[in-house]
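First the proteins, then the strands, lettered A, B, ... as listed; each starts at 1.
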Amino acid sequence: MSELRDDPVFYGRVHTLVRQIPPGKVSTYGDVAAMVGGGSDGRAVGLAMAALGPDNADVPWQRVISRDGTISTRGLRQSELLEAEGVTFDAQGRVTMARHRWAGPDAAWCAANRYTPLPPRPPEPEQLELF
DNA sequence: CAGATGACTCCCA
DNA sequence: CTGGGAGCCATCT
């Protein structure tokens, strides 16, 4: 019985963390990898996302995007799902990271589940669209 | 164990 | 903007 995709421990940790991302917020592959820890990186997280199946329908994979706020997937309507959750995009079709970037789960949750909190990041000035 | 694959990220021309 | 190359990791053959 290996129907489950959570067999590998790493995948399970990634999926668990992605489930914590609230609607309207997004995170990046690199950030997820940093929180999962273990020296993993964004590429490994991408694998965990690619391995998602019907069993992981409860994982909001669409909230995990590239560092630049761009959508890596093609043909999966990821941007539409995000837009439906209230995520905004700029004129260049990228997610407004300064506004929707997820700072990570609660510190207590991180400690309880052995996840690494994201390092504090100075608030980036949201760029206004100039006409 | 080596090689290939992939929803990454950074740097440079 | 596009393209190429390098470094990184997890999983499957």
Side-chain angles (χ1 to χ4, degrees):
Chain A
M1 314 168 345
S2 358
E3 302 285 332
L4 251 45
R5 300 263 188 269
D6 289 336
D7 241 11
V9 178
F10 179 74
Y11 283 9
R13 282 179 67 74
V14 172
H15 298 165
T16 298
L17 180 58
V18 173
R19 269 190 216 108
Q20 312 308 311
I21 306 178
K25 289 287 182 182
V26 297
S27 190
T28 70
Y29 299 95
D31 284 353
V32 172
M35 290 187 273
V36 171
S40 57
D41 70 341
R43 190 169 257 179
V45 173
L47 271 187
M49 296 292 103
L52 282 176
D55 296 344
N56 318 95
D58 58 324
V59 178
W61 54 268
Q62 68 267 27
R63 295 172 194 152
V64 182
I65 60 180
S66 300
R67 207 145 181 66
D68 293 341
T70 56
I71 306 298
S72 305
T73 58
R74 306 291 155 107
L76 288 182
R77 302 204 174 181
Q78 184 169 2
S79 56
E80 287 185 21
L81 292 174
L82 290 176
E83 194 170 25
E85 296 181 350
V87 176
T88 60
F89 297 78
D90 59 12
Q92 303 167 13
R94 302 180 308 183
V95 174
T96 311
M97 297 303 283
R99 173 154 42 185
H100 297 289
R101 190 170 198 182
W102 184 47
D106 185 73
W109 188 93
C110 289
N113 296 279
R114 302 285 182 71
Y115 280 81
T116 305
L118 229 48
R121 180 177 289 274
E124 300 177 12
E126 188 170 339
Q127 216 169 29
L128 297 174
E129 304 179 27
L130 35 93
F131 251 91

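- Taking for each of A:Ala44 and A:Ser66 the nucleotide of DNA chain B with the nearest heavy atom, the 5'-most of the two is the partner of A:Ala44.
- Using a 4.0 Å cut-off, some side-chain N or O of A:Arg67 falls inside it from OP1 or OP2 of B:dC10.
- Computed from coordinates, the A:Arg94 CZ to B:dT9 P distance equals 13 Å when rounded to whole Å.
- The nearest whole Å value for the distance from the CG atom in A:Asp68 to the P atom in B:dC11 is 11 Å.
- Atom CG in A:Leu47 sits roughly 5 Å away from atom C1' in B:dG6 (whole-Å rounding).
- At whole-Å resolution of the value, CZ in A:Phe10 and C1' in C:dA10 are 7 Å apart.
- Here the C1' atom of nucleotide C:dT11 and the CZ atom of A:Arg13 are 18 Å apart, to the nearest Å.
- Distance check on atom C1': C:dC8 versus B:dG6 gives 13 Å, rounded to whole Å.
- One C1' atom belongs to C:dT13, the other to B:dC1, and the distance between them is 12 Å to the nearest Å.
- Within a 6.0 Å radius of CZ in A:Arg67, other residues, nucleotides and ligands contribute more than 12 heavy atoms.
- The interatomic distance linking A:Ile65 (CD1) with B:dT9 (C1') rounds to 14 Å, in whole Å.
- Between A:Arg63 atom CZ and B:dA7 atom C1' there is a gap of 16 Å when expressed in whole angstrom units.
- Taking the side chain as every heavy atom from C-beta outward, A:Arg19 and A:Pro60 approach each other to under 4.5 Å.
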Assess whether salt bridge (Lys or Arg N to Asp or Glu O under 4.0 Å) is satisfied between A:Glu85 and A:Lys25, documenting all intermediate values.
CA-CA 8 Å; A:Glu85 296 181 350; A:Lys25 289 287 182 182; over 6 Å; no
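- Residue A:Asp41 has its side chain nearest to C:dC9 when only C:dC9, B:dC10, B:dA7 are considered.
- If you take CG of A:Asp31 and C1' of C:dC9, they are 16 Å apart, rounded to a whole angstrom.
- Taking CD1 from A:Ile71 and CG from A:Leu81, the interatomic distance works out to 9.5 Å, rounded to the nearest 0.5 Å.
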